[in-house]
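Lettering of chains follows the sequences in order, A, B, ..., and the numbering in each one begins at 1.
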Amino acid sequence: MGLPPIDLAVFKNEGYVRNQCRITALWFWTTDPTRDTCGDTAEDEYTFIGAPLIEGYSMRGKALKDSMREAFLSFFENIEHTRVEPYPVLARWRDDIHLTIASIADFQPHVTSGEVEPPANPLTISQPCIRLTDVDAVGRSGRHLTTFEMMAHHVFNRPDEGKMYYWMEECVQYCHDLMTKTFNISSKEITYVENPWCGGGNAGAAVEVIVGGLELATLVFMNLEEHPKGDIELKGDTYREMPLQIIDTGYGLERFCWAAAGTPTIYEAIYPETVSWLKELVGFSSITSQWPDLDLDSLLGEMSRLNGIMNIEPGVDAEELRTTFLRRLDERGVVVTPEQFTAVTEPLSKIYAIPDHLHALSNMLGDGLVPSNAKAGYLARMLARRTLRLRDDLGLEISLSELAQHHISVNLDGQAMKQTHDGLLRILQLEEDRYGEMIRKGGHVITTQFKDIPRDTEYLPDELLFNLNDSHGLAPDMVVTLAKNAGWKKVQIRTGFAAEMAERHARIAKQAAQSVEAKPFVEHIPALPATHALYYDDVQQKEFDASVLACLPLIGDDLPDGATHAILLDKTCFYPEGGGQEGDYGRLSTDSIHHVVFDTQKVGSHILHFVGGSFETGDLVHGSIDWKRRKQLMDHHTAVHIVGGAARRILGPHIYQAGANKSVDSGRLDITHFNRLNRDDLDAIESLANEVLGQVQRTEKTELNRKDADKKYGFDLYQGGAPKGNSIRILRISDHDIQACGGTHHDEPGQIGSIRIVRSAAVQDGVERLHIVAGQAALDYARNQDALLRKASDIFGIPSNDLPKTTERFYSEWKEQRKTIEQLEAEIVRLRTSGGGSDSSEIEGVRIAIMEVTGDLKKMTKMLKELTLDASQPTLAVLGSKEGGGKLMIAVTENTVASERYDAVQLLREIAPHIKGGGGGRPTLAQGGGSHPEGLDDALEAARKSVGA
RNA sequence: GGGCGUUUAGCUCAGUUGGAAGAGUGCUUGGUUUGCAACCAAGAUGUCGUGGGUUCAAAUCCCACAACGUCCA
């Protein structure tokens, strides 16, 4: 069974009838009984271009957005909705997405699963969102945006608990009232399309609200969950009704603005200042004035209408698109040549995309994101680089931070940001520097990789283009520019290449998506009450008595040595691994049985103690934890929090925890930062952290429900990752650091003693890893460092203060002496071979030097050089050494009578058997080795004989 | 999280089937020149990223690690 028709009184009262779309086959409601398209099809043009459907909004840009937003929010406030402040665009509370992609994302997964109360109910919000999937189409399609505001009214109904606020009938009525009364849109312009929605395991009926060919809003009635035995079938899956019934609506603020402005594209409606500013900088009017006959307004108008019905999606090839556009424009009687079309649309689409990208970028960086080459930070870098490329393509001589500065003052004036204004501009400047560096290196890469490519090549090999893009960040169009500058004047990109590259990336991504699931520790955990965690009651408790609820055999291959069973108790002091803190060790005993606890892990709400044997269910056990270890782990864990807070205060508001680990030996904290840290930075953070140890008397541990926690402290709480569940433990170290954390922490920071930041390392671009030692580990570390210094200074017999000076002296002396030895060895060879010594003789103008020397092949090579590189003295040299099984090396002076007469390889083959070896080389230089050094004399003698010396 | 690339002189980079570590630029000295630029001559500068392995022989082939870069999710 599918979903029933959406048959509402509001439709009938407002004079609507239900028709089926002849193109999409979807059912829709319209006031025009003869209408046979639903409004959002390839035949429904935008009717509002040049003829706004929403009247009374003559302003543009930020002012237009502000008043539209206010009209929407106050409409719903007046009908009992609570206005909720927007969430950040960085979805810190989610571990499955980086960016907020819809208003409902604010409430996923915990509110939508029913576990957590919504902040208000019903509520209204205007949520800034970022979606980068369509980034290719931005600017080209006239309507795509990477960043937009989704206005919404949300309701979370629990009919099973008697909490039913409203459902379809009221929802559509509200929407219709908003459209017709607040925005004065005529009923006949609006169609309501029935189009069920499903995604992420949920589904429900949905209504799309189409006005003038543009989808302005979607109303989703989410009350179904995927279930194999469900009785409702949608798009191939079966669903059943769920207790929570959610209304998820989305009204595109920017689309409302567009419909009110009636501008050729959405960008002119929302970013008019930036568009005209950029047009002026680019000199756009001088482009169009080349063709006085060209009717630019009608061209752009027709294009916009076409944009509405043409499917311009990411990956569509520019060349294909142009051909289609020209054909369709021709059909409509718009006269334009391909050259004119390109000359106008190319710069325009770039001008349009820039403010959109700047808006997304400002929002992301404003929320404290740090650009990086991985994860969420990469999204910011990608946008920054796209913007820089657009800028360069347009030939604009203006920096990214200047562009951003303009954008922020025009479009984001007064908006609160976490990142400071200066911080944001500095980050963008650094990004631009990196981009410049990449381009500069790109020039070298091109000249290197194009070595074998003929100068008149038109189409470059696909592999080369893929490689340049993926490994060097040089997009195909950048390659063309660079190649043309470097002398390959004819290169171009073949049609369809961009689409193929996108497809290839998608394929690789798909392969990579096959992730590995963690193996379970035990087969099955029986239905038992949750383990009571004593460590939250008293973090200092070291011993306890408890009863055994279950003893389960351990499975899996990543277990500590000797662990065979997992013991489940009714309560425990043992902290299970979590939040980056390792699990506790210790002992569990009855009167007769004693087991060492090798590790403690948590599965669901149960804590498992890994031991090397078994207990009986019902046994009373006495547990004691390895307190020294626990104390050290707590030292490191609390220290990590303190250091994190110190880093934020020293370095700026963008410092966010990207990961952490606390072991007995050390703590590790990964923080997001846009620069490498030097020792001065580390010292400053370290000093502040130690000050905190002295200043803050007590840490404060509270448990709050999520709704209140979010409200009170915001999303910086979730530095350690998005926690599960409604109840959140919060560790507050005065105002220095406040985080949701389930780990064990000292009540008094002073108990840690001292904190040292040992070093920092780059984990990835934009993330620095701080290595921290605290408490006993800090002492041990200092002692260990002392011992190293002592050991080293003992070797030299000097005080450790002199170590740097002395090692430097030793190193440079060693280098000098090594060079002297080489020279002396060469000198010895010269002496032994000059002036008719027994080691050399002469045969018909060729000096013959055959001798035994000491040293390896490298040294012998040096000696040979002395002997044979002088062309004025043609020489055949045979050197032998007894090192490493015996080595032989033969060389003759190149391009002389010596090389004509003697073949080094041939001679080597003759004599090498004496040392039971082989070898090879070139006719002028051969080297070989063997396994019988005693035969070296024979080998050299054989050589003398062979040449007749 | 995954893929790819790079690592050789201060800098930019060559280095072919494994067989004598190179070029350009910069640097030093000398010459030329009022001076600069330019030119001429001579010279110095190397842990071939690190650690293993294969081999008579490794910058080169294999493995691991690291740093840097880059694309995608």
Side-chain angles (χ1 to χ4, degrees), chain A residues 95-99 132-133 135 372-376 378-379 381-382 385-386 434-435 437-449 451-452 463-476 478 501-516 658-659 676 761-766 811-812 814-816 818-819 856-869 877 879-881 883-894 904-905 908-909 911-913 915-933 939:
Chain A
D95 52 13
D96 53 342
I97 50 172
H98 295 305
L99 299 168
L132 295 175
T133 45
V135 68
S372 163
N373 56 8
K375 296 190 181 171
Y378 177 69
L379 302 175
R381 174 158 296 165
M382 184 196 76
R385 294 202 167 168
R386 287 190 83 98
R434 275 175 195 279
Y435 174 79
E437 182 68 6
M438 190 183 82
I439 302 286
R440 196 184 60 78
K441 285 202 171 136
H444 292 294
V445 171
I446 295 284
T447 45
T448 310
Q449 304 224 356
K451 234 179 6 189
D452 301 327
E463 266 316 302
L464 179 65
L465 285 172
F466 285 135
N467 182 33
L468 287 172
N469 184 77
D470 285 7
S471 303
H472 303 281
L474 302 172
M478 288 158 77
M501 195 161 81
E503 194 185 314
R504 194 175 107 135
H505 284 147
R507 208 168 49 238
I508 293 169
K510 209 171 171 185
Q511 283 168 5
Q514 296 155 355
S515 60
V516 198
R676 296 304 310 269
V763 176
Q764 58 182 241
D765 197 24
Y811 183 66
S812 57
W814 167 76
K815 268 172 100 171
E816 255 168 58
R818 198 179 55 165
K819 217 174 296 163
D856 57 11
L857 279 172
K858 212 157 198 171
K859 258 189 196 167
M860 290 164 76
T861 309
K862 292 246 160 68
M863 297 179 197
L864 273 184
K865 266 173 137 178
E866 287 294 331
L867 287 168
T868 62
L869 277 185
L879 299 185
S881 159
E883 233 172 72
K887 306 277 181 214
L888 281 170
M889 214 161 173
I890 303 174
V892 294
T893 312
E894 278 178 35
V905 177
L908 181 73
R909 295 237 168 91
I911 65 172
I915 57 165
K916 295 187 179 159
R922 300 193 315 255
T924 54
L925 177 87
Q927 42 187 284
S931 55
H932 183 60

*If you write RNA chain B from 5' to 3' in dot-bracket form, with Watson-Crick or G-U pairs under 3.5 Å, [ ] for crossing pairs and | for pairs with another strand, what do you get?*
(((((((..((((.....[..)))).(((((.......))))).....(((((..]....)))))))))))).

Show me the side-chain donor-acceptor pairs of residues 468-475 of chain A shorter than 3.5 Å, one per line, residues at least two apart or across chains.
from, atom 1, to, atom 2, distance (Å)
Asp470(A), OD1, His505(A), NE2, 2.7
Asp470(A), OD2, His505(A), NE2, 3.3
Ser471(A), OG, Asn467(A), O, 3.4
Ser471(A), OG, Asn467(A), OD1, 3.0

*How would you label the contact of Asn373(A) with the nucleic acid (heavy atoms, under 4.0 Å): base, sugar-phosphate, or nothing?*
base

Could you list all N or O pairs between the protein and nucleotides 65-68 of chain B that sit under 3.5 Å apart?
from, atom 1, to, atom 2, distance (Å)
C68(B), OP1, Arg676(A), NH1, 2.6

_Regarding Glu437(A) and Arg440(A), does a basic nitrogen lie under 4.0 Å from an acidic carboxylate oxygen?_
yes

*Please state how far atom NE2 in His472(A) lies from atom C1' in C4(B), giving the value in whole angstrom units.*
9 Å

*Apply side-chain contact (heavy atoms from CB on, under 4.5 Å) to the pair Leu908(A) and Gln927(A), showing each step before the final yes or no.*
CA-CA 7 Å; Leu908(A) 181 73; Gln927(A) 42 187 284; 5.8 Å; no

_Go nucleotide by nucleotide along RNA chain B from the 5' end; which of Thr924(A) and Tyr435(A) gets its closest nucleotide reached first?_
Thr924(A)

_Separation of atom CD1 in Ile439(A) from atom P in U70(B), rounded to whole Å_ = 11 Å

*asked:* Would you compute the distance between atom CG of Leu888(A) and atom CD1 of Ile915(A) and round it to the nearest 0.5 angstrom?
replied: 4.0 Å

_Without decimals, in angstroms, what is the distance between Glu463(A) CD and G5(B) C1'?_
13 Å

*Under 4.0 angstrom, heavy atoms only, what part of the nucleic acid is Gly917(A) near: base, sugar-phosphate, or nothing?*
nothing

*Select one nucleotide: of C4(B), C71(B), A20(B), the one nearest the side-chain heavy atoms of Ser471(A).*
C4(B)

*asked:* If I take atom CD1 in residue Ile446(A) and atom P in nucleotide C13(B), what distance separates them, rounded to the nearest angstrom?
replied: 13 Å

_How many whole angstroms separate atom CZ of Arg381(A) from atom C1' of A73(B)?_
17 Å

*Verify side-chain contact (heavy atoms from CB on, under 4.5 Å) between Met382(A) and Leu132(A), making sure each step is shown before the conclusion.*
CA-CA 10 Å; Met382(A) 184 196 76; Leu132(A) 295 175; 4.1 Å; yes

*Are any side-chain N or O atoms of Ser372(A) and backbone N or O atoms of Asp765(A), one a donor and one an acceptor, separated by less than 3.5 Å?*
yes

*Tell me what Gly929(A) touches on the nucleic acid: a base, only sugar-phosphate, or nothing, going by heavy atoms under 4.0 Å.*
base

*Between Lys375(A) and A73(B), does any side-chain N or O lie under 4.0 Å from OP1 or OP2?*
no

*Please name the pair of heavy atoms, one in Met501(A) and one in Pro476(A), separated by the smallest distance, quoted to 0.1 Å.*
CE-CD, 3.8 Å

*In whole angstroms, how far is the P atom of G5(B) from the CG atom of Asp470(A)?*
10 Å

_Nearest listed nucleotide, side chain of Ala891(A), among G1(B), C71(B), A20(B)_ = A20(B)

_OG1 on Thr861(A) to CE on Met889(A), rounded to 0.5 Å_ = 3.0 Å

*Can you check the Leu132(A) CG to C71(B) P distance for me, whole Å?*
14 Å

*Could you please name the option among C56(B), U70(B), A20(B) that lies closest to any side-chain atom of Met438(A)?*
U70(B)

_Value in whole Å for how far the P atom of U70(B) lies from CE of Met501(A)_ = 16 Å

_Assess the residue pair Arg381(A) and Arg385(A) against the criterion (side-chain contact (heavy atoms from CB on, under 4.5 Å)); give the C-alpha distance rounded to whole Å, side-chain angles, the decisive distance to 0.1 Å, and a yes or no._
CA-CA 6 Å; Arg381(A) 174 158 296 165; Arg385(A) 294 202 167 168; 3.8 Å; yes

*asked:* With a cut-off of less than 4.0 Å, is there a side-chain N or O of Tyr378(A) near OP1 or OP2 of C71(B)?
replied: yes

*Closest heavy-atom pair and its distance - Val905(A), Arg922(A)*: CG2-O, 3.2 Å

